[in-house]
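Numbering of ligands and ligand atoms starts at 1, following listing order. Everything quoted here is computed from the prediction, not taken from an experiment.
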Amino acid sequence: MNGVTGRMGAHQHLESSIVAIREQGGIVLGPGEVIWPEPVLVGRDAGRLRALGERFGLSRWTTDLGAALADPACQIYFDAQTTGLRAAGLRAAIDAGKAVYCEKPVTHDLSSAMEVVAQAERRGVKHGVVQDKLFLPGLRKLARLIADGFFGRILSVRGEFGYWVFEGPEPPAQRPSWNYRREDGGGIVIDMFCHWRYLLDNLFGPVQSVFALEAVHVPERWDEQSHRYTATADDAAYAVFELADGVVAQINSSWCTRPDRDELFELHVDGTAGSAVAGLRDCRVQPRGASPVARWNPDAPNSLALRSAWLNVPDDGVNAGGFKLQWERFLRHVVADEPFPWGLLEGAKGLQLAELAHQSSVQRRMLEIPALTT
Ligand SMILES: NC(=O)c1ccc[n+]([C@@H]2O[C@H](COP(=O)([O-])OP(=O)(O)OC[C@H]3O[C@@H](n4cnc5c(N)ncnc54)[C@H](O)[C@@H]3O)[C@@H](O)[C@H]2O)c1
């Protein structure tokens with residue numbers, strides 16, 4: 001596990017996924033058969049790796065990635081390093097014949113991502129990319145509604161993502177300063193459109209075209225050392241997507257907004273037979289038969305209790321984080337050959353959408369999304 005001292009690596013992947021799987025006794029495949037992950041922590045700083053290992057009772061760590069890759073006992077390479085380092089890590093691991101699993105974006109740009117996809121296919125290794133939002137409770141509820149045919153014909157999808165990221169120095173910014181510098185790989189489009197691609201593709205059908213308008217709303221911010229810097233990367237993007245079967249999706253992504261809703265991300269879906277609003281945890285619905293009969297009359301006070309005309313979708317009883325659920329699927333894929341549809345090409349599609357969204361904003365026009373093949 002490389003990059004495991006970082007925010008995502010330590011918390012989501014090591015503690016909440018691999019350590020949690022060990023604490024539950026591994027993944028039971030059948031009578032007397034269990035998948036037992038035995039991680040080797042890889043990084044640059046021996047002291048931090050040792051401390052992390054001690055915290056979770058793990059004794060295997062190294063600063064020598066080459067040695068870990070040469071060890072036949074290591075079957076899977078996982079990468080949660082800073083995005084710019086990922087391509088080299090994945091290439092070395094694939095070369096060594098390891099299965100690979102990694103954070104998004106797969107790499108820093110589409111062309112390097114496609115090289116990695118092609119290399120993995122040539123070498124015949126199993127591969128996967130984190131698509132965590134699909135495994136969150138609110139979006140699982142939405143997926144279930146879609147599978148049940150709750151919506152009738154889906155017409156449109158409207159997403160709102162964002163919150164106010166402070167400029168600094170007081171209060172300090174809640175996100176790293178590189179996020180606001182294009183030259184350092186920052187920007188909300190590269191960060192979030194990777195998520196929007198797999199969410200839209202998996203829930204509603206393939207994204208066919210995109211129009212996005214990027215903005216740098218806050219041009220000056222203060223970094224971790226309280227130094228003022230010029231923000232060069234997009235801190236908001238307003239996008240329209242055409243999906244298969246005429247479904248229209250719109251998603252606003254912004255680090256410069258103060259949300260008036262229940263969760264930092266919500267998707268509102270309208271269909272002929274009903275509507276739903278799904279967040280990260282919750283999901284509420286309004287079937288056609290229980291929809292208020294609204295009439296437009298701006299001269300009279302609104303007599304409809306619009307907000308109370310919604311029903312909560314109950315939890316499905318699965319009590320695990322999205323990252324852990326996807327890890328379990330990937331480990332089953334590697335060990336037991338179970339299907340795993342979220343391979344590196346799916347991750348590359350996220351980068352394709354981010355790059356086309358950026359071009360669309362520069363060119364001020366809607367762009368088609370060509371099929372991506374190796
Ligand atoms: N799935 C999600 O929702 C989600 C959310 C946030 C971040 N991410 C992705 O996860 C990845 C890591 O993000 P993070 O927020 O944990 O970042 P982070 O800065 O906290 O961690 C990055 C890791 O890379 C290592 N690293 C940094 N520079 C290095 C170098 N020069 N050589 C070797 N190792 C180096 C760090 O030590 C650390 O372990 C990024 O690719 C990011 O896009 C995904």
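At least one donor-acceptor pair closer than 3.5 Å links the side chain of Asp234 to the backbone N or O of Val189. Within the 3.5 Å criterion, the main-chain N or O of Gly317 finds no donor-acceptor partner in the side chain of Asp315. A donor-acceptor distance shorter than 3.5 angstrom exists from the side chain of Lys98 to the backbone of Cys74, with no hydrogens or angles considered. Although no hydrogens or angles enter the test, the distance criterion places no donor-acceptor pair under 3.5 Å between the side chain of Thr272 and the main chain of Gly152. Although no hydrogens or angles enter the test, the distance criterion places no donor-acceptor pair under 3.5 Å between the side chain of Asp245 and the main chain of Val247. A donor-acceptor contact shorter than 3.5 Å is absent between the side chain of Tyr163 and the backbone of Ser254.
Closest heavy-atom approach to atom 40 (C) of ligand 1 within the set Val106, Thr107, Thr83: this belongs to Thr83.
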Would you sort out whether Tyr101 and Trp327 count as a ring pair (Phe, Tyr, Trp, His ring centres under 6.0 Å), showing the intermediate values?
CA-CA 9 Å; Tyr101 185 47; Trp327 260 107; 4.8 Å; yes

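In terms of protein heavy-atom proximity, atom 36 (C) of ligand 1 is closest to Arg44 NH2, 3.6 Å. Summary of contacts: the protein heavy atom closest to atom 12 (C) of ligand 1 is Ala80 O, 3.3 Å. The protein heavy atom nearest to atom 42 (C) of ligand 1 is Lys104 O, 3.7 Å. The closest protein non-hydrogen atom to atom 44 (C) of ligand 1 is Glu103 OE1, 3.1 Å. What sits closest to atom 27 (C) of ligand 1 on the protein, heavy atoms only, is Thr82 OG1, 2.9 Å. Of all protein heavy atoms, the one lying nearest to atom 16 (O) of ligand 1 is Met8 N, 2.8 Å. Distance from atom 17 (O) of ligand 1 to its nearest protein heavy atom, with residue and atom name: Arg7 N, 4.6 Å.
Within the listing of ligand 1, atoms 11 (C), 12 (C), 23 (C), 24 (O), 33 (C), 34 (N), 40 (C), 41 (O) sit less than 4.0 angstrom from a heavy atom of Gln81. Atoms of ligand 1 lying under 4.0 Å from at least one heavy atom of Arg86, given by number and element, are 41 (O). Of all the atoms in ligand 1, the ones that sit under 4.0 Å from a non-hydrogen atom of Asp132 are 1 (N), 2 (C), 3 (O). When each atom of ligand 1 is checked for a heavy atom of Pro105 under 4.0 Å away, the hits are 43 (O). Of all atoms in ligand 1, numbered sequentially from 1 with element shown, those under 4.0 Å from a heavy atom of Gly6 are 16 (O), 20 (O), 21 (O), 38 (C), 39 (O). Under a 4.0 Å criterion applied to the non-hydrogen atoms of Lys133, ligand 1 contributes the atoms 3 (O). When each atom of ligand 1 is checked for a heavy atom of Leu85 under 4.0 Å away, the hits are 28 (N), 29 (C), 30 (C), 31 (N), 32 (N), 33 (C), 34 (N), 35 (C). Using a 4.0 Å cut-off to heavy atoms of His195, the atoms of ligand 1 that qualify are 1 (N), 2 (C), 3 (O).
In this structure, Phe166 has its ring center at least 6.0 angstrom away from the ring center of Trp255. Taking the six-membered ring for Trp and the full ring otherwise, Phe340 and Trp342 have centroids separated by under 6.0 Å.
In this structure, Arg48 falls outside the shell of residues with a heavy atom less than 4.0 angstrom from ligand 1.
Protein heavy atoms are absent from the 4.0 Å sphere centred on atom 19 (O) of ligand 1.
Across His333, Glu346, Gln119, Glu121, a single residue satisfies side chain to side chain donor-acceptor pair (under 3.5 Å) together with His127, and that is Glu121. The salt bridge (Lys or Arg N to Asp or Glu O under 4.0 Å) with Asp262 is formed by just one residue from the set Arg284, Arg281, Arg307; it is Arg284.
Polar contact with ligand 1: absent for Asp191 (N/O pair, distance under 3.5 Å). Of the N or O atoms in Gly3, one or more lie within a sub-3.5 Å distance of an N or O in ligand 1.
In summary, Lys141 and Asp316 do not engage in a salt bridge, as defined by a charged side-chain N under 4.0 Å from a carboxylate O.
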